[in-house]
Amino acid sequence: QIQLVESGGGKVQTGGSLRLTCVASGDTHISYLMAWFRQAPGEQREWVALLNTDGRTTYRDSVKGRFTISKDNAKHTLYLEMNSVRPEDTAVYFCAADYSAIATKDPRKYNYWGQGTQVTVSS
């Protein structure tokens, strides 16, 4: 059992930057921090960035070149660096962990989720 807590969200103007942080606690050795998802009001949760345990990354086309996913294994922390943000990036952002070493785009496959952190980009 692990717990995930996101932080770093807030309001930012179009073109600005923001760094989101996800800290895992508990039995961190049984799961892997792997992904960032986001969900806007009335919309389905969608994947944003994936990070496999081998270091391979995958980005949604709409954020490619603007966002960077990374982690600090010693600190059990996952990061999402957001640059050149746009109003369409506005959403609640969630980090997710799974028992597998391979990240997936399907939110149903993740065992653990954080509570989410709100990101609002003003136009």
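Counting from 1, the numbers follow the sequence of the chain as shown.
Side-chain contact between Y59 and T57 is present, with heavy atoms from C-beta onward closer than 4.5 Å. W113 is not listed as a side-chain neighbour of Q3, based on a closest heavy-atom distance of 4.5 Å or more. The shortest side-chain heavy-atom distance between R38 and L20 does not fall under the 4.5 Å cut-off. Side-chain contact check for R56 versus T58: every heavy-atom pair is 4.5 Å or farther apart.
For the atom pair D98 CG and K109 NZ, the distance stands at 9.0 Å (nearest 0.5 Å). A distance of 9.5 Å separates OH in Y32 from CG in N73, rounded to the nearest 0.5 Å. To the nearest 0.5 Å, atom CD of residue E88 and atom OG of residue S62 are 8.0 Å apart.
Looking at R86 and D89, no side-chain N of the basic residue comes within less than 4.0 Å of a carboxylate O on the acidic one, giving no salt bridge.
E6 places a side-chain N or O within donor-acceptor distance of the main-chain N or O of C95, the cut-off being under 3.5 Å. A donor-acceptor pair under 3.5 Å is absent between the side-chain atoms of N52 and the main chain of D54, judged by distance alone. Under a 3.5 Å cut-off, the side chain of T90 and the backbone N or O of T120 do not form any donor-acceptor pair. For the pair Y99 (side chain) and Y110 (backbone), a donor-acceptor distance under 3.5 Å is absent. No donor-acceptor pair under 3.5 Å is formed between the side chain of T21 and the backbone N or O of S7.
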Q115 vs F94, side-chain contact (heavy atoms from CB on, under 4.5 Å): CA-CA, chis, key distance, verdict:
CA-CA 7 Å; Q115 82 291 342; F94 301 87; over 6 Å; no
Run the side chain to side chain donor-acceptor pair (under 3.5 Å) check on N83 and S17 step by step: do they pass?
CA-CA 4 Å; N83 297 310; S17 299; 2.9 Å; yes
Full working for side-chain contact (heavy atoms from CB on, under 4.5 Å) between K71 and L51:
CA-CA 8 Å; K71 70 186 300 183; L51 177 61; 3.5 Å; yes
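At least one test fails for R60 against the ring of W36: distance under 6.0 Å to the centre or angle within 45° of the axis. R19 forms a cation-pi arrangement with Y79, by the criterion of a distance under 6.0 Å to the ring centre and an angle within 45° of the ring axis.
Among all heavy-atom pairs drawn from D106 and F37, the shortest one is C-CZ, 4.4 Å. The two atoms that bring Y93 and F67 nearest to each other are OH-CE2, 4.1 Å, heavy atoms only. The shortest non-hydrogen separation linking V119 to G9 is CG2-CA, 4.1 Å. Here the closest heavy-atom approach between residue L78 and residue A35 is recorded as CD2-O, 3.6 Å. Of all the heavy atoms in A24 and L4, the pair that sits closest is CB-CD2, 3.6 Å. The minimum heavy-atom distance between I102 and M34, with the atom names listed, is N-CE, 3.3 Å.
Under the 4.5 Å side-chain contact rule for hydrophobic residues, V12 and M82 share a cluster.
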